Protein chains: 2
Amino acid sequence: MKRTVILYGLALAGLVFLLKYLEYRLIVHDLSIEFYVGLVALFFTGLGIWAGLKLTRKQVVMGGPEFILNESELQRLGISKREHEVLELMAKGLSNQEIADKLFVSLNTIKTHSSNLFLKLEVSRRTQAVQRAKELRLIP
Amino acid sequence: MKRTVILYGLALAGLVFLLKYLEYRLIVHDLSIEFYVGLVALFFTGLGIWAGLKLTRKQVVMGGPEFILNESELQRLGISKREHEVLELMAKGLSNQEIADKLFVSLNTIKTHSSNLFLKLEVSRRTQAVQRAKELRLIP
DNA sequence: ATTCAAATCACCCTTTCGGGTGAAGGAATT
DNA sequence: AATTCCTTCACCCGAAAGGGTGATTTGAAT
């Protein structure tokens, strides 16, 4: 951003010198002023396009893998933090045992959490739970 | 795209008239030529930015919810039509029994297909298979 | 202080999944 | 004719998942 502004300033400064130079040239060679102005227009058009792309490219990158958690839906369904955590790991394809290990709790605990999740999400299998959770934007 | 080019042409044409007009004005009011060229530069910079945005905005919109099946990857992994079919239903959260019913084949057949799928996708659980298949763009 | 939700774990039982092996029929290729 | 691949199905077994019930602890709200 800063760099863009600086380059723009330099371009403008360079233009002034160019014009001073052209001012003399105009007397010697009788080229129309429209020609020079056309060059300037072209140059700054290119500069503008470049600047525009530079500015939006960041927005494009940002506008890609964006995920905003649907907290209202989480509340509506009454899904707790721990349950949500389990849900995320579930979506990563982990088994209950692996989730239990990762969260340092017992397998039974995870089974309880997942059972509650299935009730709240109104599903009966983990694959469906993951699907539904993605639809509701509860997970990326 | 066409519209952009036309507008650009009109802008350039307008500029020529503007310059002709300024040519007389320059005699009356003794404003420096740099001032007018600066205006032109500014104007075309804006025009360039606008054009740049116009061109990229379409790319952004196009790059949205589109799904193109990665057939080369399907071939590379040696996944058959039937297996791909099973994979899709699996991704919908269906159990093996439900898939079997939907395809009018036996449960054992689906188990064979899914086992082969897991080998080819190098996973060991259906949740992981779905995940991987989405990564590889084998399913939407 | 009491109530309540969340989190933890246990035990039971049934269903589903996944791995391994084998095999039969059919279509396409060589 | 032989080979290869796809599809179909079977059986066995162990692991994982899911359903139900009940219990303890802890922290937050009333």
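Bear in mind the structure is a predicted one, so any value in this text is a computation, not a measurement.
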Novice: Taking only the side-chain nitrogens and oxygens of B/Thr109, find out if one of them lies under 4.0 Å from OP1 or OP2 of D/dC9.
Specialist: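 Yes.
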
Novice: Distance alone, cut at 3.5 Å: any donor-acceptor contact between the side chains of A/Asn70 and A/Ser72?
Specialist: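 Present: a donor and an acceptor within the cut-off.
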
Novice: Taking the side chain as everything from C-beta on, heavy atoms only, tell me whether A/Arg125 gets closer than 4.5 Å to A/Phe118.
Specialist: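 A side-chain contact is absent here, since even the closest heavy-atom pair is not under 4.5 Å.
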
Novice: In whole Å, I'd like the distance from the CG atom of B/Leu74 to the P atom of D/dC6.
Specialist: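 It works out to 12 Å between those atoms.
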
Novice: From C/dA7, C/dT8, D/dT7, pick the nucleotide closest to the side chain of A/Lys81?
Specialist: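 The listed nucleotide nearest to A/Lys81's side chain is C/dA7.
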
Novice: Give a yes or no on this: more than 12 heavy atoms of other residues, nucleotides or ligands lie within 6.0 Å of atom CZ of B/Phe104.
Specialist: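 Atom CZ in B/Phe104 is not crowded, with 12 or fewer foreign heavy atoms closer than 6.0 Å.
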
Novice: Between A/Asn96 and D/dA17, is there a contact of a side-chain N or O with OP1 or OP2 at under 4.0 Å?
Specialist: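 Indeed, a polar side-chain atom of A/Asn96 lies that close.
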
Novice: What nucleic acid atoms does B/Asn108 come within less than 4.0 Å of, heavy atoms only: base, sugar-phosphate, or nothing?
Specialist: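 Since a base atom lies under 4.0 Å of B/Asn108, the category is base.
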
Novice: As a quick check of understanding, evaluate side-chain contact (heavy atoms from CB on, under 4.5 Å) for B/Leu77 and B/Leu121, giving each step before the final call.
Specialist: CA-CA 7 Å; B/Leu77 299 176; B/Leu121 291 172; 4.0 Å; yes

Novice: May I have the distance from B/Leu103 (atom CG) to D/dT7 (atom C1'), rounded to whole angstrom?
Specialist: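 Rounded to whole Å, this separation is 12 Å.
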
Novice: Without swapping roles, check the side chain of A/Lys120 against the backbone of A/Gly78 for a donor-acceptor pair under 3.5 Å.
Specialist: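 Flag set: sc A/Lys120 to bb A/Gly78 pair under 3.5 Å.
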
Novice: Could you state the atom-to-atom distance from CD1 of B/Ile99 to C1' of C/dT16 in whole Å?
Specialist: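 Distance check: B/Ile99 CD1 to C/dT16 C1' gives 12 Å.
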
Novice: Assign each of A/Thr127 and B/Lys120 to its nearest nucleotide of DNA chain D by heavy atoms, then name whichever residue's nucleotide is nearer the 5' end.
Specialist: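 Looking at DNA chain D, the more 5' nearest nucleotide goes with B/Lys120.
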
Novice: Please determine whether side-chain contact (heavy atoms from CB on, under 4.5 Å) holds for the pair A/His84 and A/Leu74, giving the CA-CA distance in whole Å, both sets of side-chain angles, and the decisive distance to 0.1 Å.
Specialist: CA-CA 8 Å; A/His84 185 249; A/Leu74 270 183; 3.9 Å; yes

Novice: Can you identify which nucleotide, out of C/dA6, C/dT8, D/dT7, has its nearest atom closest to the A/Ser80 side chain?
Specialist: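 Among C/dA6, C/dT8, D/dT7, the one nearest the side chain of A/Ser80 is C/dA6.
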
Novice: Taking the side chain as everything from C-beta on, heavy atoms only, tell me whether B/Arg82 gets closer than 4.5 Å to B/Leu103.
Specialist: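 In short, these two side chains touch, coming nearer than 4.5 Å.
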
Novice: Figure out the CZ/C1' separation between B/Arg126 and D/dA16, and round it to whole Å.
Specialist: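 In whole Å, D/dA16 C1' and B/Arg126 CZ are 12 Å from each other.
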
Novice: When the distance from CG of A/Leu77 to P of C/dA6 is rounded to whole Å, what number comes out?
Specialist: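 Checked: the CG to P distance equals 13 Å.
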
Novice: Could you tell me whether the phosphate oxygens of C/dT8, OP1 or OP2, come under 4.0 Å of any side-chain nitrogen or oxygen in A/His113?
Specialist: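 Yes, within the criterion.
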
Novice: Pick base, sugar-phosphate or nothing for B/Ser95, based on heavy-atom distances below 4.0 Å to the nucleic acid.
Specialist: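 The answer is sugar-phosphate, as B/Ser95 gets under 4.0 Å only of primed atoms, P, OP1 or OP2.
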
Novice: Using whole Å, what does the distance between atom C1' of nucleotide C/dC17 and atom CG of B/Asn116 come to?
Specialist: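 So the CG-C1' distance, B/Asn116 to C/dC17, works out to 15 Å.
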
Novice: Let me know the distance between NE2 of B/His84 and P of D/dC6, rounded to the nearest Å.
Specialist: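 It is 15 Å, rounded to the nearest whole Å.
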
Novice: Just the atom pairs and distances: protein N or O near nucleotides 19-30 of chain D's N or O, under 3.5 Å.
Specialist:
none

Novice: What's the closest nucleotide to the B/Ser106 side chain, out of C/dC9, D/dA17, D/dC9?
Specialist: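 Output: D/dC9.
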
Novice: Between C/dG19 atom P and B/Leu117 atom CG, what is the distance in whole Å?
Specialist: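 It is 11 Å, rounded to the nearest whole Å.
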
